[in-house]
There are 2 protein chains.
Amino acid sequence: MTHPVGGPAFEDLTARARIRDAALRLFAERGIEGATIRDIAKEAGVSSGLVRHHFGSKHALRDACDAYMLERLMRIKEDAVLKGGMADPGMLLNLHPTVLLGYRYFARAMVDGSPGAASTFDDMVRLTQEWLAANDKDHVTADPQGYAAVLVAMQSGLLVMHDHVSRALGADILGPEGNLRLIGAIVDFYSHALLSPELAAQAHAALDQLRAQQPPTAAEPGSAGEGAGDDRGDSR
Amino acid sequence: MTHPVGGPAFEDLTARARIRDAALRLFAERGIEGATIRDIAKEAGVSSGLVRHHFGSKHALRDACDAYMLERLMRIKEDAVLKGGMADPGMLLNLHPTVLLGYRYFARAMVDGSPGAASTFDDMVRLTQEWLAANDKDHVTADPQGYAAVLVAMQSGLLVMHDHVSRALGADILGPEGNLRLIGAIVDFYSHALLSPELAAQAHAALDQLRAQQPPTAAEPGSAGEGAGDDRGDSR
DNA sequence: CGAAGGGCTATACGGTTATGTAATCGACTG
DNA sequence: CAGTCGATTACATAACCGTATAGCCCTTCG
């Protein structure tokens, strides 16, 4: 049993809240398949039957976690999202345990089939489109929806990859030192274009050509003589 | 049992290859916890004992999948990575089933504790740093490692979020129509800076100040009077 | 021919899982 | 006081899991 998610002391929480918090932690760490009801119950200091009593089923527990964490994060994030869209690098600079757990939880939930994570993604794409509509004076894109989806996916994806990034930087990006460094790198990344306008124009022209043709053929590169030895004669 | 990953017909593959291919598909779709040996065996048209015979254990099977798919993708991608680093948007434009499955597989593996995926990430960060060293004439960053980690994480993270992006765009981004559209959006994204130099300078100044101070305090925003009602009096 | 080895199946084993259920306890109300 | 309700535990159930194993069949080689 570990420390609570900010707020009241562990002993002061209802069993229901302790279960939910334990679930948030373990779902974030192991995903919904890897986290078991028994482990969640143990971490909450209750029996597994009580998990069932309060939440009914594992998926319902996950849905309750989605809803709870969404509501908490929305309260914190609402202003930032409405004001800056997803482009605001400062929005990551919040190291409160609840927020950090929320990041971890939703990062994992994004790939675990969570309905709450999916709807969060869709909401953020929509909000980013709205932000673009209000702010895109330079006409950076002819496809605001696609652009918004890419922006949201990359920003979310960065969090999903947090373990790897932390390893690469040698510090937890969801901790003080690593987070400052991460934000510095994000600022550099967002403040420079990676492609010149000329290359971009060429790429768009090529894409337009491809659209006018058949879709790219599915020939496997280097497929001549490849694979047969690997897939047929492979012996143990 | 579905079609093979390009190459020979299903019946022409050894059982070992069929098992490996089935594992790649199911691991990509469900993760290592969600995909069972029995389902993999069934999809490969063999008994579960044969999976054990050929691969020993589930984790060894996953390691074999890592190694196989890495080798296959490296062969395809080696030139592209060495030439353009991770900045080349055209590198996604490859719709061969093996490559697409590799994207799906590694996207999932990135969050499933796969050693192969982790080392792939680290390799790509290193390669991107080398590319920066050779190409960064504009001095876009004082922290090449951080920048490279962010760039790789965002690009990889975009793939990890492929289900969500596909839903937002209304087409599979790992299919012909969605992929073209995705690349168009990526081109737009990479060809424009999202932050002005002024804002970036301000952000860096603020980050330097924060580094000189204590790390950000962990006060919860809006914590006054919050949480007690939720966590104590919550009744079912 | 027999022996060896590889491919393969069917089944067993021990453990774990989510879900279901009966019983107990304490607090509250009429 | 008895009854009700909510919180909680302990245990049961059916299904599933990864791993282990014995045995059969076929091919190759000496």
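All figures in this text were calculated on a predicted structure; none of them were measured in a lab. Below, read A as the first sequence line, B as the second, and so on, with proteins coming before strands; counting in each chain starts at 1.
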*Asks:* Do B:R181 and A:Q145 have a side chain donor and acceptor closer than 3.5 Å?
*Replies:*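 A:Q145 and B:R181 do have a side-chain donor-acceptor pair below 3.5 Å.
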
*Asks:* Under a 4.0 Å N-O cut-off, is there an ion pair linking B:D39 with B:R30?
*Replies:*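 Yes.
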
*Asks:* Do A:K58 side-chain atoms and A:T36 backbone N/O form a donor-acceptor pair below 3.5 Å?
*Replies:*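 Flag not set: sc A:K58 to bb A:T36 has no pair under 3.5 Å.
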
*Asks:* Using OP1 and OP2 only, check whether a side-chain N or O of A:H53 sits under 4.0 Å from D:dT9.
*Replies:*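 For A:H53, the contact criterion (side-chain N or O under 4.0 Å from OP1 or OP2 of D:dT9) is not met.
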
*Asks:* Taking CD1 from B:I40 and C1' from D:dC16, how many angstroms apart are they, rounded to a whole number?
*Replies:* 15 Å

*Asks:* Write out a two-atom table: protein N or O, nucleotide N or O from nucleotides 17-23 of chain D, distance below 3.5 Å.
*Replies:*
from, atom 1, to, atom 2, distance (Å)
D:dG18, OP1, B:I37, N, 3.4
D:dG18, OP1, B:K58, NZ, 2.6
D:dG18, OP2, B:I37, N, 3.0
D:dG18, N7, B:R38, NH1, 2.7
D:dG18, O6, B:R38, NH2, 2.9
D:dT19, OP2, B:K58, N, 2.9
D:dA20, OP2, B:R52, NH1, 2.6
D:dA20, OP2, B:R52, NH2, 2.0

*Asks:* Just by distance, do the side chain of B:R108 and the backbone of A:V111 share a donor-acceptor pair under 3.5 Å?
*Replies:*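 A pair under 3.5 Å: yes.
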
*Asks:* Atom NZ of A:K42 to atom C1' of D:dT8: distance rounded to whole Å?
*Replies:* 19 Å

*Asks:* In whole angstrom, what separates A:L26's CG from C:dA18's P?
*Replies:* 12 Å

*Asks:* Would you kindly check if the NZ (Lys) or CZ (Arg) of A:R20 is within the cone defined by 45 degrees around the ring axis of A:Y68 and under 6.0 Å from the six-membered ring centre?
*Replies:*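 Yes.
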
*Asks:* Answer yes or no: is there a donor N or O on one side and an acceptor on the other, between the side chain of B:R104 and the main chain of B:A28, under 3.5 Å?
*Replies:*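 Flag not set: sc B:R104 to bb B:A28 has no pair under 3.5 Å.
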
*Asks:* In whole Å, I'd like the distance from the CG atom of A:L50 to the P atom of C:dA18.
*Replies:*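 Checked: the CG to P distance equals 16 Å.
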
